[in-house]
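Here the structure comes first, spelled out in structure tokens, and everything after it is commentary.
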Amino acid sequence: MVLIIGPSLMMGRFAKLLRVFNARSLHSDSIRNGFRGTVAWTPLIRLNKLSEATGCNIMVKAEFLNPSASVKDRAALYLIKDAEEKGLLEPGGTVVEGTAGNTGIGLAHMCLASGYKCVIYMPDTQSQEKIDMLRVLGADVRPVPAVAYDNPNNYNHQAKRYAESLDNAIWTNQFDNTANRRAHFETTGPEIWQQTEGTVDAITFSTGTGGTLAGSGMFLKTKNPGVKVIIADPPGSVLYEYFKSGKLERTGDDSITEGIGQGRVTENMKGAFEKGIIDDAVHVPDRDSVEMVFYLLHEEGFFVGASSGLNVAAAVQVANHLGPGHTITTCLCDTGQRYYARLFNREWLQEKGLLEAIPEKYRHALQ
């Protein structure tokens, strides 16, 4: 990861943003209505050192401050809300999903708060800690063999079949259910627009389902068609090459990042491509993502996971491309606590060939 030092930020524009940060909360209600009411309206934070280094405003939505500590709470809320609005889910019903990560945790919390049962199918390659956490949250967790998406026994297909076998049950289908995208069209996008007072020049997010990038981008384009919407893609994903050449070809080997990168174009992303919402894509190697994780921890004070590191590394790429004086927004997806045993483990990093990506001055904190 290379930082290009630019001139000082234009004081007038920065002062305007500071007025927003110091203003009263954008959420009009001082009291939130239950667990569901705590989702969204997260703070927008300026990363001071990276902003000074690039000459741009590098802004991050603090998604780890959602109630179950990740950006996926937004999708979890809207996947359930959409089913309720359509009459597909009645009180006491069952919510079923195939997920290996934060969406399952968000759904489990949401089901507890809403009076639903929660069933999670997940690959049996996932950590026992993740399984145990979901079970503590009341979910019926069903680990199944990890097989490709085109295999009928893929965990997503098993989740779909199980939901169809029950009365009063839904398969939330986070990848292709555009209620996921709607969550970000109705919350994340408007929040970014209001919190930057319309000064945002570009957004960049990594994509798993694609809901965050597509939904936020679609909203922001309605406010200012000039806002750049940029895919941040890890190794092993096809979306960077798909944007650049139209080919579904992977760029590099598999990534250590969890829950992001894609081998196909989901329905959530398909709409963004068809409507011309996507302006560019950047490829972020694992070394850059890991380096940024430790930079954010030791220089900015944020304990986050690899997907957050990738997002911010992508924002720096975008800033260096656009030049000084621009405002680039991304998000810190979740906390580093969920990856503590791996991402912050010296032996694991060495095994993955990533220890050298971390500057020596930061390595003292590795376990």
Side-chain angles (χ1 to χ4, degrees), residues 1-2 98-101 103 123 125-126 145-157 173-178 180-181 184 202-218 221 228-292 305-318 320-322 328 330-331 333 352-354 357:
M1 178 186 64
V2 178
T99 173
T103 302
T125 53
Q126 299 304 300
V147 295
Y149 185 81
D150 58 5
N151 187 311
N153 287 321
N154 175 273
Y155 64 101
N156 284 293
H157 304 320
N173 187 17
Q174 61 171 319
F175 291 93
D176 297 311
N177 184 342
T178 56
N180 178 345
R181 189 171 71 204
H184 299 281
I203 61 169
T204 183
F205 297 106
S206 54
T207 62
T209 64
T212 307
L213 183 73
S216 300
M218 284 180 172
K221 290 285 191 181
K228 302 298 183 187
V229 178
I230 301 168
I231 298 169
D233 221 27
S237 179
V238 302
L239 295 180
Y240 173 82
E241 187 61 35
Y242 183 73
F243 176 81
K244 295 295 187 179
S245 70
K247 298 176 182 178
L248 287 173
E249 295 180 356
R250 297 182 184 275
T251 303
D253 299 324
D254 288 342
S255 174
I256 58 96
T257 55
E258 297 183 27
I260 57 173
Q262 189 53 261
R264 64 188 180 96
V265 178
T266 66
E267 285 299 315
N268 283 293
M269 279 298 291
K270 184 179 178 182
F273 280 116
E274 290 176 345
K275 294 177 185 296
I277 296 299
I278 308 301
D279 294 292
D280 204 353
V282 295
H283 173 68
V284 183
D286 279 351
R287 291 181 65 86
D288 287 2
S289 298
V290 170
E291 181 186 357
M292 185 59 77
S307 56
S308 299
L310 186 149
N311 278 347
V312 178
V316 170
Q317 280 196 45
V318 173
N320 289 336
H321 175 72
L322 293 179
I328 297 97
T330 186
C331 77
C333 310
K352 298 295 182 182
L354 292 169

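Just so you know, residue 1 is the first one in the sequence shown, and it goes up from there.
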Residue pairs fulfilling side chain to side chain donor-acceptor pair (under 3.5 Å) with at least one residue in residues 259-276, sequence neighbours excluded: D176-R264
Residues in side-chain hydrogen bond (donor to acceptor under 3.5 Å, both in side chains) contact with Q317, at least two apart in sequence or another chain: none
Gap separating the CG atom of N173 from the OG1 atom of T99, nearest 0.5 angstrom: 12.0 Å
For P145, side-chain contact (heavy atoms from CB on, under 4.5 Å) partners two or more places apart: D124
Qualifying residues under side-chain hydrogen bond (donor to acceptor under 3.5 Å, both in side chains), relative to S206, sequence neighbours excluded: N311
Nearest non-hydrogen partners of A314 and T204, listed with the distance: CB-OG1, 3.8 Å
Residue pair V318 / K228, side-chain heavy-atom distance below 4.5 Å: no
Contact summary for V290 and L354, nearest pair of heavy atoms: CG2-CD1, 3.9 Å
Residue list, side-chain hydrogen bond (donor to acceptor under 3.5 Å, both in side chains) with T207, at least two apart or on another chain: none
Minimum heavy-atom distance F205-C331, with the two atoms named: CE2-N, 3.6 Å
Nearest heavy-atom neighbours spanning D288 and A313: O-CB, 4.1 Å
Atom pair CG (L310) and CG (D233), whose distance is rounded to the nearest 0.5 Å: 8.0 Å
Under the side-chain contact (heavy atoms from CB on, under 4.5 Å) test, residues paired with A214 that sit two or more places apart: R181, M269, A272
Under 3.5 Å donor-acceptor, T330 side chain and V312 backbone: no
Heavy atoms from other residues, nucleotides or ligands near NE2 of H321 exceed 12 (cutoff 6.0 Å): no
Separation of R250 CZ from L239 CG (nearest 0.5 Å): 10.0 Å
Side-chain heavy-atom pair L213, I278 within 4.5 angstrom cut-off: yes
With sequence neighbours excluded, residues passing side-chain contact (heavy atoms from CB on, under 4.5 Å) with A357: R287
Set of residues satisfying side-chain contact (heavy atoms from CB on, under 4.5 Å) with respect to A306, sequence neighbours excluded: I256, T257, L343
side-chain hydrogen bond (donor to acceptor under 3.5 Å, both in side chains) partners of D286, counting only residues at least two apart: S255
Pairs meeting criterion ring pair (Phe, Tyr, Trp, His ring centres under 6.0 Å) with involvement of residues 250-274, two or more places apart: Y242-F273
Approximate separation, where rounding is to 0.5 Å, of I231 CD1 and S237 OG: 8.0 Å
Exercise: identify the closest heavy-atom pair between G217 and V229: CA-CG2, 3.7 Å
Least distance between heavy atoms, P234 atom then G261 atom: CG-CA, 3.7 Å
Nearest-0.5 Å distance, CG of residue L322 to CD1 of residue I328: 5.5 Å
Residues which pass salt bridge (Lys or Arg N to Asp or Glu O under 4.0 Å) with D280, listed by chain and number, not counting sequence neighbours: K244
Sequence neighbours excluded, every pair satisfying side chain to side chain donor-acceptor pair (under 3.5 Å) that has a member inside residues 208-217: N180-T209, H184-T212
